[in-house]
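Notes for the one structure printed next.
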There are 4 protein chains.
Amino acid sequence: MSTPKAVEGQPRRADAVRNRRLALEAAKTLLARPGTTLKVETIARQAGLGAATVVRAFGTKDALIDAAVTDLLGPLLRRAQEALAEDDPGAALRGFLLELINFQAAHWIMSEQLEGLQVPLTTLRRAELRNTLHDLISRAQDAGAIRADLHPAVTTVLLGEAAYAIARSNESSPELAAGFVTVMMDGLRPQPSAPHAP
Amino acid sequence: MSTPKAVEGQPRRADAVRNRRLALEAAKTLLARPGTTLKVETIARQAGLGAATVVRAFGTKDALIDAAVTDLLGPLLRRAQEALAEDDPGAALRGFLLELINFQAAHWIMSEQLEGLQVPLTTLRRAELRNTLHDLISRAQDAGAIRADLHPAVTTVLLGEAAYAIARSNESSPELAAGFVTVMMDGLRPQPSAPHAP
Amino acid sequence: MSTPKAVEGQPRRADAVRNRRLALEAAKTLLARPGTTLKVETIARQAGLGAATVVRAFGTKDALIDAAVTDLLGPLLRRAQEALAEDDPGAALRGFLLELINFQAAHWIMSEQLEGLQVPLTTLRRAELRNTLHDLISRAQDAGAIRADLHPAVTTVLLGEAAYAIARSNESSPELAAGFVTVMMDGLRPQPSAPHAP
Amino acid sequence: MSTPKAVEGQPRRADAVRNRRLALEAAKTLLARPGTTLKVETIARQAGLGAATVVRAFGTKDALIDAAVTDLLGPLLRRAQEALAEDDPGAALRGFLLELINFQAAHWIMSEQLEGLQVPLTTLRRAELRNTLHDLISRAQDAGAIRADLHPAVTTVLLGEAAYAIARSNESSPELAAGFVTVMMDGLRPQPSAPHAP
DNA sequence: AATGAATGAGGGTTCATTCAT
DNA sequence: GATGAATGAACCCTCATTCAT
């Protein structure tokens, strides 16, 4: 036959790949835009495609969302892993926190928007992200860069959730992000006196 | 009031008032319960009423949710206002933060669940809450109880959003809440040296 | 309250019962009419109801079809059971065969139209029907009314399937039905000589 | 022919003919396999072709199915015509009945699966088959091989439909087929006494 | 006035057909 | 000419709102 046949494996036809990317980008764009309802029709229009096409490209709406969010979280996870390799544990944590906020501020991925959807990949990647943040924190504690009177797990949740919230805030701004990191890092610094009584 | 078919100024029928309260309580209960879908039918069943009754009592589903959330935020707002009258500005802020977290942890009002709904009263009351928190922070800064190198607006958002996130976290616990307040207050304490360079 | 409240149990509101019946009748009518596609919309229109209503009345389209077919098979099953109680086993079988054909000729329930649908009640009732026919045949064989050189199970399938087909035939008529029963009963009569060599 | 872009009377390209055959074989195979859904995609995969190719080869899905079923019925029709030429009318009828059952049992062509499809050729060929069976029966009646107190048309439908049903039965087996033919031929034998009163 | 039921708009998904490679 | 992908129509189902009891 005269079919190009391509290399055996994943790579499908050029336009299929292109449209898959278009759908993915559209989903990511809409995930970044606050207040969107994430209907298949909306994503399709954003991508300049038909509704059935985006479903076909991923099999199901959930799978598309899953892929989009996972995709968005990818670079962030990579940055977290790079931070783990940096020399100064305290500076690494501080630096990553800023990235975390800035990234999420630019993307607006709402946990709640995913409620009721089947997004196994996203769940997985979130766990990875959380684990890496946990490691970053533990390393900073071991190095004496941050206080040790809090359990690493507590600190992980605290930083993760708070950073997430700050990023998503309507008033999000570089100034806010910087303020958050400053306060957090100051608050996490080894304290001279005993902590305040609860 | 503009209630149809009712004599002006005349109190509504006793059972109408009672049903309105039942619906409101049901909505509040479901808002407190994580993972609920907030369908009219669900609320009605929880209230022991018919679906039509619930809608009729508020005219629309959105109005009911609006009233319920506003209602839930009421005591919190009152507490914030009481904190403003306390003597020690720092302690008042710290105390309110804990209340804020505990309250939200117990009520699970998700901003995102309200996305796409018309909830003007809720928006209003949230602004009031935010303003009062802003005042609490300004007062603490004026009294030298917390650092002044951050704009009060920034600090307001920071505390409000972060507290909200901590409360909503799946791993939410008293230990986490206490840790959050400790770190925040330590971080917000007037700092001896210059803040970390950005 | 002044709610009628009715008797505790199944009986719901009068119109609900009425509409449930309308939907059921509509489905039965369409099952009787050859060449129909059995769309929810079609059934609803036939019933003079909205599409959502007929779904709500049964929870799902499949459940509606299931109920309709089961309903149609009910009287037939009852007749088979009555035939079992008759005195003359041969006449009972012959009589039931005629009923089987006439009934099915009037209803046009196609196994294949149900393909891919979840109809557990129908499956059950069909098995009952088949079992009762099996008993009718066994009894006739035991009484010497029909030949015994065929396994009852074979005869059951033979009569059941053939009667079914005759009933569904486009040229279906009383004459055809009578002819079928005559031939079958004659063919099933105990044969004087050995059966034809295959 | 009206094939577009082809010189009149010119044979089509070799691979086009080959693909048409592949599609036809695939459809026939799937028609023989019970419980298949007969989607274009499924047929194409079975043929090792693309979906568009299958459609293009026949213009429409219905045309493909029509051709496939017609093709399947071809040999059966030829066998019926050969039976007409045999010496013993009774044996010819009996022989053909067995073939009819075996053939259909092996092919699983469901009338109902064709419901809603435009299959004019199939309809035509079915009529031919029915007519030939009618002739077989008339000839057997004329020869005194089978009873004459039934109208040939009635007997035709009776045998045709019943044989079809027996073939399609889930419990289909050689034993069942043989039993059917035995009973039918015994029942059709010229009867000594008057037929049973209806 | 209260309510169970009816409904119409809208969602996701499938599939025969058409298009572009 | 063959084909994988695109698509729009159609289907079943959900739910906030309206109706009739």
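Throughout, protein chains are lettered first and strands after them, A, B, ... in sequence-line order, and every chain is numbered starting at 1.
Note that the CD1 atom of B:Ile43 and the CG atom of B:Leu64 stand 5.0 Å from one another [nearest 0.5 Å].
Nucleotide E:dA1: unpaired (no Watson-Crick or G-U wobble partner with both distances less than 3.5 Å). Remark: E:dT7 base-pairs with F:dA16. Criterion, Watson-Crick or G-U wobble with two distances under 3.5 Å. When both distances must be under 3.5 Å, the Watson-Crick or G-U wobble mate of F:dC11 is E:dG12.
Taking atom CZ on C:Phe58 and atom P on E:dA6, their separation rounds to 11 Å, with Å as the unit. At whole-Å resolution of the value, CD in D:Glu41 and C1' in E:dT13 are 16 Å apart. In this entry the distance linking CD of B:Gln118 with P of F:dT17 reads 11 Å, nearest Å. Put simply, NZ on D:Lys61 is 14 Å from P on E:dT18, counting in whole angstrom units. Taking atom CZ of residue D:Arg45 and atom C1' of nucleotide E:dA16, one finds them 15 Å apart after rounding to whole Å. In this structure, D:Leu64 atom CG and E:dC15 atom C1' are separated by 15 Å, rounded to whole Å. Protein atom CZ of C:Arg20 is 18 Å distant from nucleotide atom P of E:dG4, rounded to whole Å. Distance, C:Arg56 CZ to E:dG4 P: 10 Å, rounded to whole Å.
Along DNA chain E, the nucleotide closest to A:Lys39 and the one closest to D:Gly59 are compared, and the more 5′ of them pairs with A:Lys39. For the pair C:Val40 and A:Leu49, both in contact range of DNA chain F, the more 5′-proximal nearest nucleotide belongs to A:Leu49. With the nearest nucleotide of DNA chain E identified for both A:Ala51 and C:Gly48, C:Gly48 has the one nearer the 5' end.
Listed nucleotides F:dA5, E:dT7, E:dA5 differ in distance to C:Asp15; the shortest reach to its side chain belongs to E:dA5. In this structure, the nucleotide among F:dT18, F:dT7, E:dT17 sitting nearest to the side chain of B:Val55 is F:dT18. Considering only the side chain of B:Ala16, E:dA2 comes nearest among F:dT18, E:dA2, F:dC12. The listed nucleotides are F:dT18, E:dG8, E:dC15; the one nearest the side chain of C:Ala52 is E:dG8.
Contact between the side-chain N/O atoms of C:Asn19 and the OP1/OP2 oxygens of E:dA6 is found at a separation under 4.0 Å. Residue A:Thr60 places at least one side-chain N or O under 4.0 Å from the OP1 or OP2 atom of E:dT13.
Between the side chains of D:Thr53 and D:Asn19, no donor-acceptor pair of N or O atoms lies under 3.5 Å.
C:Arg33 places a side-chain heavy atom less than 4.5 Å from the side chain of C:Gln46. No side-chain heavy atom of B:Asp66 sits under 4.5 Å from any side-chain heavy atom of B:Phe58. In this structure, A:Lys28 and A:Glu25 have side chains that are in contact, with non-hydrogen atoms separated by less than 4.5 Å.
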